[in-house]
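Reviewing the structure listed below.
Every value quoted in this text rests on a predicted model; they were computed, and no experiment measured them.
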Amino acid sequence: MNTAHHPRLHIALLGAAIMAFCMALIVLTFPIRNRVADFEDDARLELVERSGNALRLVTSRMIEREWESLSGFVQEAEMTDVANLRAFTDAVVRASEAISWAGVADLNGRIVAGTAGLREGQDVSMRRWYLHGLEGGAVGSVYTPDGTAQEDRDTGFINLSKPITNEYGDSLGVVVYRLRVSWLRGIMTDMAQDLEIDFVVADRTGKVLFRERNQFEDPFPDSVVDLAATGTQLTQLIDEDDAVPFIVGVFPDLLSGEMPAFDWDLLVRIPSAHHSSNLGTFVSVVNWAIAGLFFVITIMANIYGMHFIRPIEKLVKDAERISQGEAVYPTEDVSSRESAILSTALAKIQTRLDSVRS
């Protein structure tokens, strides 16, 4: 019988080991990659939530500090002591880099005291900060000199106002602080850089007030900014065509505490796990581990073949030589039970053949 086309046991063992390894590699690698990516996306969803809440907390604390300063001002202010009011408005600006100007308006809607005497005598009776300030306190929207709220402008300010009241709770006037947008934006930008996140602050109309980009060059898509209109806090994976996937967090009501509502929304984003270096590093480590495992399997298969299969192959050759009439006496092999039985059987066969020939 022609046996040239039949594989040797040793080669078949190595081939079977390699095939089994490749099949296991296919079965395990892709689910592992997908699971790792899903796990990292879940971790990044949590990271976005934590980063957004941290940014909200720090921003709230900083603005609340100025609101508490305003509250302390109205408690100490005496509308009849204009000189003292002017001293207060000057001191406020010197004490805080956040405040660009402070003023006091009387019940007639005229400013009676202002930082460095600015705007004194001006009629502000129709200003929102004045009207709402009389009612108990207000926070205005971002105001710029040309009257529009535009993103990436550091020249704007935000009016914080609160009434001066008598012992009966009646309003006697209004104190206003002008909060620098550049100061607020600087605080948020510094923290966003530390957290390695992008953010957008938008008002309830969807207008972007200011933003910071650390991870992406492209601005937030309008469809993402519109998510703030839902009024619900959420985190979500955004994977749009022709765009790098990212994780976004939406946080309605940027500021918390005892201050009046700012009606601002915060949006935060970071790259998704599918485009992060961490996943690539992990997969690289897995690939090297798989290569090492393949090397070990190959060495072990060779050791197995040399110890268990090679003796059987030798006995097969002896059996072939016996069948051809050669006087071959196989040595006893005990590397395995099968080889021991086969070597003993061949020895007996050769002994009987010798007895027949004689």
Side-chain angles (χ1 to χ4, degrees), residues 32-68 98 139 151 158 179 181 183-204 206 208-240 243-259 261-283 285:
I32 288 176
R33 289 174 63 95
N34 293 334
R35 185 67 191 99
V36 169
D38 291 342
F39 176 81
E40 190 161 349
D41 271 337
D42 291 341
R44 285 179 167 263
L45 285 168
E46 184 176 354
L47 175 61
V48 165
E49 185 173 355
R50 290 178 179 271
S51 298
N53 285 328
L55 189 57
R56 291 172 72 190
L57 178 61
V58 170
T59 306
S60 295
R61 291 278 177 84
M62 298 302 290
I63 296 182
E64 192 170 21
R65 184 186 65 184
E66 303 305 326
W67 182 259
E68 290 173 353
V139 175
E151 60 179 299
I158 306 160
L179 198 68
V181 169
W183 169 81
L184 178 59
R185 182 178 179 181
I187 290 173
M188 298 186 70
T189 296
D190 289 343
M191 188 167 183
Q193 291 173 349
D194 291 339
L195 294 172
E196 298 182 344
I197 60 175
D198 293 357
F199 75 84
V200 159
V201 175
D203 62 20
R204 290 298 165 83
V208 175
L209 303 178
F210 45 91
R211 64 188 176 189
E212 175 66 19
R213 293 197 293 262
N214 296 305
Q215 301 292 325
F216 297 86
E217 293 184 359
D218 297 330
F220 278 68
D222 292 339
S223 58
V224 174
V225 177
D226 291 342
L227 290 174
T230 62
T232 302
Q233 181 170 331
L234 59 90
T235 53
Q236 185 174 328
L237 171 64
I238 305 295
D239 190 357
E240 298 182 341
V244 177
F246 59 89
I247 307 292
V248 65
V250 179
F251 303 88
D253 299 323
L254 168 62
L255 303 178
S256 59
E258 298 181 357
M259 299 172 292
F262 268 58
D263 291 334
W264 291 357
D265 297 322
L266 172 67
L267 295 95
V268 170
R269 70 174 173 180
I270 61 174
S272 76
H274 300 284
H275 287 262
S276 70
S277 59
N278 292 338
L279 178 60
T281 302
F282 176 81
V283 172
V285 171

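- Side-chain contact between L266 and V200 is absent, with no heavy atoms from C-beta onward closer than 4.5 Å.
- Listed by first and then second residue, the salt bridge (charged side-chain N to carboxylate O under 4.0 Å, His left out) pairs that reach into residues 243-252 come to none, sequence neighbours excluded.
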Enumerate, atom names and distances included, each donor-acceptor pair closer than 3.5 Å involving a side-chain atom of residues 53-61, sequence neighbours excluded.
{"from": "N53", "atom 1": "OD1", "to": "R56", "atom 2": "NH1", "distance (Å)": "3.4"}
{"from": "N53", "atom 1": "ND2", "to": "E49", "atom 2": "O", "distance (Å)": "3.1"}
{"from": "R56", "atom 1": "NH1", "to": "Q233", "atom 2": "OE1", "distance (Å)": "3.3"}
{"from": "R56", "atom 1": "NH2", "to": "P252", "atom 2": "O", "distance (Å)": "3.3"}
{"from": "R56", "atom 1": "NH2", "to": "D253", "atom 2": "O", "distance (Å)": "3.0"}
{"from": "T59", "atom 1": "OG1", "to": "L55", "atom 2": "O", "distance (Å)": "2.7"}
{"from": "S60", "atom 1": "OG", "to": "R56", "atom 2": "O", "distance (Å)": "2.8"}
{"from": "S60", "atom 1": "OG", "to": "S256", "atom 2": "N", "distance (Å)": "2.9"}

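- Counting only heavy atoms from C-beta outward, the side chains of W183 and I63 approach each other to under 4.5 Å.
- The environment of Q193 atom CD is dense: over 12 non-hydrogen atoms of other residues, nucleotides or ligands sit within 6.0 angstrom.
- Taking the side chain as every heavy atom from C-beta outward, V48 and I197 never approach each other to under 4.5 Å.
- Under the salt bridge (charged side-chain N to carboxylate O under 4.0 Å, His left out) criterion, R50 pairs with E46, not counting sequence neighbours.
- The shortest non-hydrogen separation linking L237 to L45 is N-CD2, 4.4 Å.
- Within the 4.5 Å cutoff, the side chain of R211 has no heavy atoms near those of the V201 side chain.
- Among residues two or more places apart in sequence or in another chain, the salt bridge (charged side-chain N to carboxylate O under 4.0 Å, His left out) test is passed with D190 by none.
- W67 is linked by a ring pair (Phe, Tyr, Trp, His ring centres under 6.0 Å) to nothing, counting only residues two or more places apart in sequence or in another chain.
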Candidate pair L267 and F251, rule side chain to side chain contact (heavy atoms under 4.5 Å, CB included), full reasoning: CA-CA 6 Å; L267 295 95; F251 303 88; over 6 Å; no
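- Taking every heavy atom of both residues into account, V181 and F210 meet most closely at CG1-CD2, 4.2 Å.
- No side-chain heavy atom of T232 sits under 4.5 Å from any side-chain heavy atom of V250.
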Chi angles and distances behind the side chain to side chain contact (heavy atoms under 4.5 Å, CB included) call for F199, L254: CA-CA 12 Å; F199 75 84; L254 168 62; over 6 Å; no
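- Between the CD atom in E66 and the CD1 atom in I158 there is a gap of 11.0 Å [rounded to 0.5 Å].
- Side chain of R44 to main chain of P271: a donor-acceptor pair is present (N/O by atom type, distance under 3.5 Å, no hydrogens or angles).
- Taking the ring centre of F220 as origin, the terminal cationic atom of R269 falls inside the region bounded by 6.0 Å and 45° from the ring axis.
- Residues E196 and S51 fail the side-chain proximity criterion, which asks for heavy atoms closer than 4.5 Å.
- Considering only heavy atoms from C-beta on, F246 stays 4.5 Å or farther from D198 through its side chain.
- Residues passing the side chain to side chain contact (heavy atoms under 4.5 Å, CB included) test with Q236, sequence neighbours excluded: L227, L234, I238, V248.
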